[in-house]
Amino acid sequence: MQAYDELQRAYDHFNNELFDGVLPDCLITLQREKQTYGYFSPERFVNSQGTRTDEIAMNPAYFAVCPPEEIMQTLCHEMCHLWQHHFGKPGRRGYHNKEWADFMEAIGLMPSSTGAPGGARTGDKMADYAIEGGRFLEAYESLMTDDYRISWMDRFPSREKLMAAIANGTTDEMAGDLSIMGLAGISVENGEITFEPGERPNKSNREKYTCPLCQANIWGKPGLNVLCGDCDTAFEAAN
């Protein structure tokens, strides 16, 4: 089905770009767990020959009310758990330990208990945010510029996320995020969401920056001010 094919495509892309292609195949499922964006379950499935495989579950209730960047962050967050299960030493059940946190940071995602700068890097319930100029944003940008989208979304999205957007007055931002997936906007009645089709823009909401000396590239938010560590020179926005 299209929904699973799209998530598999994203998994394969990030596996190659951020994990050197070492992650084994797994089953990517859609599960509605309250207040959970996704989860990793090791060796959850078995076939008739006794072969086991891991599960990465994604919650479709958030697909319509979260930026696509956050959806891909969730996928990579769980892929780090899969990496640690096969190649590292996971903490006790549900605990995000230092090894996991260090690997997250290495792929361009900063672990944070609050989902923002200043939060704890380890703990039981962990969020994360993308590191500006980091590897995740570069890999995300290359995926999104390759005409990637999530085509299927839950008609009854996460209520707390939707209500928070209405209360905070950020529904316009939500509409902008949806436009990246080819949707003009949304309307909500009795908790059910209706999508308005539209034209997908040719680029994501990230801009490309290039070091004028070594020609290294990074992607980040508009107006980003960052220095190239090798050349001690400011990156310049690409035209």
Side-chain angles (χ1 to χ4, degrees), residues 6-7 9-23 66-84 87-88 96 98-122 126-150 170 172-173 176-182 199-239:
E6 289 169 347
L7 290 173
R9 177 184 167 190
Y11 178 92
D12 293 339
H13 173 80
F14 289 118
N15 187 16
N16 289 328
E17 295 295 321
L18 301 178
F19 298 85
D20 296 325
V22 302
L23 299 187
C66 286
E69 179 183 311
E70 288 187 17
I71 299 170
M72 295 299 103
Q73 282 178 226
T74 297
L75 177 61
C76 289
H77 177 126
E78 305 309 332
M79 290 172 71
C80 283
H81 284 301
L82 189 151
W83 172 87
Q84 190 177 40
F87 305 105
H96 300 70
K98 184 178 182 299
E99 180 187 60
W100 173 88
D102 290 344
F103 196 82
M104 281 278 287
E105 190 170 350
I107 70 165
L109 292 175
M110 181 61 71
S112 171
S113 57
T114 64
R121 293 178 73 250
T122 60
M126 294 297 297
D128 54 76
Y129 59 91
I131 299 171
E132 293 292 349
R135 296 177 62 210
F136 167 78
L137 285 180
E138 182 176 356
Y140 168 76
E141 176 71 18
S142 65
L143 176 68
M144 296 302 293
T145 54
D146 194 25
D147 197 31
Y148 179 82
R149 71 179 69 190
I150 293 177
T170 57
D172 288 343
E173 294 180 17
D177 294 328
L178 287 171
S179 71
I180 299 173
M181 294 300 183
E199 293 297 322
R200 184 179 187 270
N202 292 326
K203 63 178 183 178
S204 75
N205 58 347
R206 295 282 170 173
E207 291 187 358
K208 180 181 179 180
Y209 298 84
T210 301
C211 173
L213 297 182
C214 69
Q215 301 301 306
N217 297 316
I218 64 171
W219 283 260
K221 64 184 179 182
L224 183 65
N225 183 13
V226 64
L227 292 176
C228 175
D230 293 331
C231 305
D232 196 28
T233 300
F235 278 88
E236 298 176 353
N239 295 328

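Below, all heavy atoms of this structure are taken into account, side chains as well, without hydrogens, waters or symmetry copies. Nothing fancy with the numbering, it's 1 onward along the sequence.
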_Pairwise distance NE2(His77) to CE(Met104) - rounded to 0.5 angstrom_ = 5.5 Å
*With side chains defined as the heavy atoms from C-beta onward, is the minimum distance between Asp128 and Phe136 less than 4.5 Å?*
no
_Ignoring hydrogens, what is the shortest heavy-atom contact between Thr122 and Ala101? Give both atom names and the distance._
CG2-CB, 4.1 Å
*Could you note down all residue pairs passing salt bridge (Lys or Arg N to Asp or Glu O under 4.0 Å) where residues 101-110 supplies at least one of them, sequence neighbours left out?*
Lys98-Asp102, Asp102-Arg121, Glu105-Arg121
*Is Glu99 close to Phe87 at the side-chain level, that is, under 4.5 Å between some pair of heavy atoms?*
no
*Relative to each other, are the rings of His81 and Trp100 parallel, tilted or perpendicular (30° and 60° limits)?*
parallel
_Using every non-hydrogen atom in the two residues, find where Met126 and Ser113 come nearest and quote the distance to one decimal._
CE-N, 3.6 Å
*Between Leu75 and His13, is any pair of side-chain heavy atoms under 4.5 Å apart?*
no
*asked:* Minimum heavy-atom separation for Cys76 and Phe19, please, with both atom names.
replied: O-CZ, 4.2 Å
_Of all pairs that satisfy salt bridge (Lys or Arg N to Asp or Glu O under 4.0 Å), the ones with a partner from residues 106-117, not counting sequence neighbours_ = none
_Has Arg9 got a side-chain atom pairing as donor or acceptor with Leu143's backbone, closer than 3.5 angstrom?_
no
*May I ask you to test the Phe14-Met79 pair for a side-chain heavy-atom distance under 4.5 Å?*
yes
*Over all heavy atoms of both residues, which pair between Leu18 and Ile107 is shortest? Give the atoms and the distance, please.*
O-CG2, 3.8 Å
*With the side chain counted from C-beta on, respond yes when Tyr140 and Gln73 share a heavy-atom pair under 4.5 Å apart, and no when they do not.*
no
*Show the numbers, then the answer: is there a side-chain contact (heavy atoms from CB on, under 4.5 Å) between Gln84 and His96?*
CA-CA 10 Å; Gln84 190 177 40; His96 300 70; over 6 Å; no
_Nearest heavy-atom neighbours spanning Phe103 and Cys80_ = CD2-SG, 3.7 Å
*Heavy-atom pair with the smallest gap, counting every atom of Pro111 and Leu109*: CD-O, 3.4 Å
*Side chain to side chain, Pro212 and Thr233, heavy atoms closer than 4.5 Å*: yes
